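Owing to the predicted nature of the structure, the values given are computational and were not obtained by experimental measurement.
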Amino acid sequence: MHEECGVFGAWAPGLDVARMTCFGLQALQHRGQESAGIAVGDGRTVRVEKGLGLVTQVFNETALSTLGGRAAVGHVRYSTSDGADPWESAQPHLACMDEIPFALAHNGTLTNTASLRADLDEQGVSLRAGTDSEIAAHLIAQVTRQTHHLREGIAHAMTLLKGAYAMVAVTPESLYAFRDPYGIRPLCLGELPDGAGWVVSSETCGLDIVGARPVREVAPGEIIRINEEGVVASFGPPAAQRASCIFEYVYFARPDSVIDGQNVYAARRSCGISLAQEAPVEADLVLGVPDSGVPAALGFAKESGIPYADGIVKNRYVGRTFIQPTQQMRQLGIRLKLNPLPDVIAGKRLVVIDDSVVRGNTSKKLVSMLREAGAAEVHLRITSPQILWPCFYGIDTDTREQLIAANMTLEEMRAWMGADSLAFLSLDGLREAVSGAAHLGFCEACFTGEYPAA
């Protein structure tokens, strides 16, 4: 499972909004490491700076010094579609409404990209990347030419966009943030100290890093405009039945984030407690697969009484890279990112807590690696239900053939992975873990096959 994208926006005249956005993107770096970009509105025009790599690889003092302005949006990308040029696909995307430029950044995936692209082609719109994010930017620009007001253009465009999206946009004068009617992808609003301005972010950890106070979530279907007139909220299409991605709590979000009032760390710890109740096992140590498996492992250890140990070390500096490993290094598999501690695990019966199983390759290699390090037994416990259906809203699983749980029984999976036992958290257990959220409307399509948005 790969991260999604992260978006951030700031409106703060008199402050360094580009630098603020850069820090916000660093807080959201876990959501995408392929490219990063910032667009700034300075009262006259919009300038975009973007590139391939991590935020700190794309932006330095020189780059930031050229991006003065009053409003900014930023993006970190993990691609969910193949074939597009990586640089052209980097966001924010720039478009023009007559003579007025604006830049847009998007987290999520649209499901009607092909028909929207065809409509734009008929209108003679030239697309460089052809991604759904670029298509959305040009669609909004085309509609706004008819309404002459960006907020009205966004509202009309939202009736045409299908799928999942949390978007931020900047014009020379204003910052915009809007979200699909189902609220599938997260987006929150925060206020800077002393009324200095406002920020929006995919997660609250982006607010924290710039000292902003969390105010609220951007509501499903809501459009927020921030400029000299203050914060103005309106709605595009009516809000649908709430369907926020429940997998944010399992894997995507940072553990220090709060989504809809539910702390992510607490939710993961509760998953571990429920796993210990649903699938107990006799063992000597509980290990968490870094990073998202660790809070759940602590919960499992507390509930089961089995000691927790740090038995797997993560190399935090191996992410997306343009330095390709040799074939021999590829065969080492997850050792590039994870390495066991033989002194801790040799001769021990292990309960290993991980967040999910998609294709199963990582789990298989992990079990093999732990046995090579001397583990006597390896019992896998997964803090999510079996992933049986693909996600079309921003995750790179396109078909059921890619999903091991859709093609094997539980026993077949256990045997193929080489584990002594294997168990997944029930859907009810996961729902209970996130019951502290302000609502109980979640997208669970990857577990149930029930998709909320067309």
Side-chain angles (χ1 to χ4, degrees), residues 5-29 31-32 35-51 54-77 90-95 100-107 137 150-151 154 166-178 187-215 218 223-233:
C5 299
V7 297
F8 187 89
W11 188 88
L15 299 182
D16 191 340
V17 290
R19 189 177 302 272
M20 187 182 302
T21 301
C22 185
F23 281 118
L25 294 181
Q26 288 185 61
L28 299 172
Q29 187 74 86
R31 298 186 72 90
S35 63
I38 295 174
V40 174
D42 62 4
R44 300 180 304 278
T45 189
V46 173
R47 287 174 293 168
V48 178
E49 182 81 24
K50 60 185 179 180
L54 305 177
V55 176
T56 53
Q57 293 172 310
V58 176
F59 295 101
N60 53 29
E61 289 293 331
T62 302
L64 292 174
S65 66
T66 66
L67 292 173
R70 63 184 67 184
V73 296
H75 186 268
V76 288
R77 182 175 191 260
Q91 300 181 40
H93 287 297
L94 191 64
I100 302 174
F102 80 101
L104 178 139
H106 168 212
N107 172 30
L150 182 56
R151 195 147 49 101
I154 291 172
M167 297 186 183
V168 293
V170 64
T171 68
E173 301 286 349
S174 304
L175 170 68
Y176 293 81
F178 50 103
L187 192 63
C188 59
L189 172 71
E191 185 177 15
L192 292 168
D194 303 319
W198 299 85
V199 293
V200 290
S201 176
S202 290
E203 297 181 34
T204 58
C205 63
L207 309 181
D208 296 338
I209 199 171
V210 298
R213 175 182 64 86
V215 175
V218 177
I223 306 166
I224 291 177
R225 187 194 68 193
I226 307 173
N227 57 21
E228 295 288 354
E229 298 178 7
V231 178
V232 177

Closest non-hydrogen atom pair, [X] against [Y]:
X      : Y      : value
Leu15  : Met20  : CD1-CE, 3.9 Å
Val168 : Gly74  : CG2-O, 4.5 Å
Val17  : Arg70  : CG1-O, 3.5 Å
Val40  : Ala72  : CG2-CB, 3.8 Å
Ala39  : Val48  : CB-CG2, 3.7 Å
Leu207 : Cys188 : CD1-SG, 3.8 Å

Take a 6.0 Å sphere around CG of Leu64 and say whether it holds more than 12 heavy atoms from other residues, nucleotides or ligands.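 Yes, the 6.0 Å shell around CG holds more than 12 heavy atoms from other groups.
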Would you compute the distance between atom [atom1] of [X] and atom [atom2] of [Y] and round it to the nearest 0.5 angstrom?
X      : Y      : atom1 : atom2 : value
Leu150 : Ile223 : CG    : CD1   : 9.0 Å
Arg47  : Leu94  : CZ    : CG    : 12.0 Å
Asp42  : Leu67  : CG    : CG    : 9.5 Å
Cys22  : Phe8   : SG    : CZ    : 10.5 Å
Leu187 : Met167 : CG    : CE    : 11.0 Å
Glu203 : Asp208 : CD    : CG    : 10.5 Å

Side chains of [X] and [Y]: does their closest heavy-atom pair fall under 4.5 Å?
X      : Y      : answer
Leu192 : Val210 : yes
Glu228 : Pro13  : yes
Arg77  : Cys5   : yes
Thr171 : Tyr176 : yes
Glu61  : Arg19  : yes
Ile154 : Arg225 : no
Val46  : Pro172 : yes
Trp198 : Leu175 : no

Report the C-alpha separation of Arg151 and Val232 in whole Å, then their side-chain angles, then the decisive distance to 0.1 Å, and conclude whether the side-chain contact (heavy atoms from CB on, under 4.5 Å) test is met. CA-CA 10 Å; Arg151 195 147 49 101; Val232 177; 3.6 Å; yes
Taking Val76 as the fixed residue, which of Val55, Val58, Asn107 is the one that meets the side chain to side chain contact (heavy atoms under 4.5 Å, CB included) rule?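 Exactly one candidate clears the test, Val55.
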Begin from the C-alpha positions of Val218 and Ile224 and carry the test side-chain contact (heavy atoms from CB on, under 4.5 Å) through to its verdict. CA-CA 8 Å; Val218 177; Ile224 291 177; 3.9 Å; yes
Counting only N and O atoms by type, is there a donor-acceptor contact under 3.5 Å from the side chain of Asn60 to the main-chain atoms of Thr62?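 Yes; at least one donor-acceptor contact below 3.5 Å.
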Does the Gln91 side chain pair with the main chain of His106, one donor and one acceptor, at a distance under 3.5 Å?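 The answer is yes, because a donor-acceptor pair under 3.5 Å joins these two groups.
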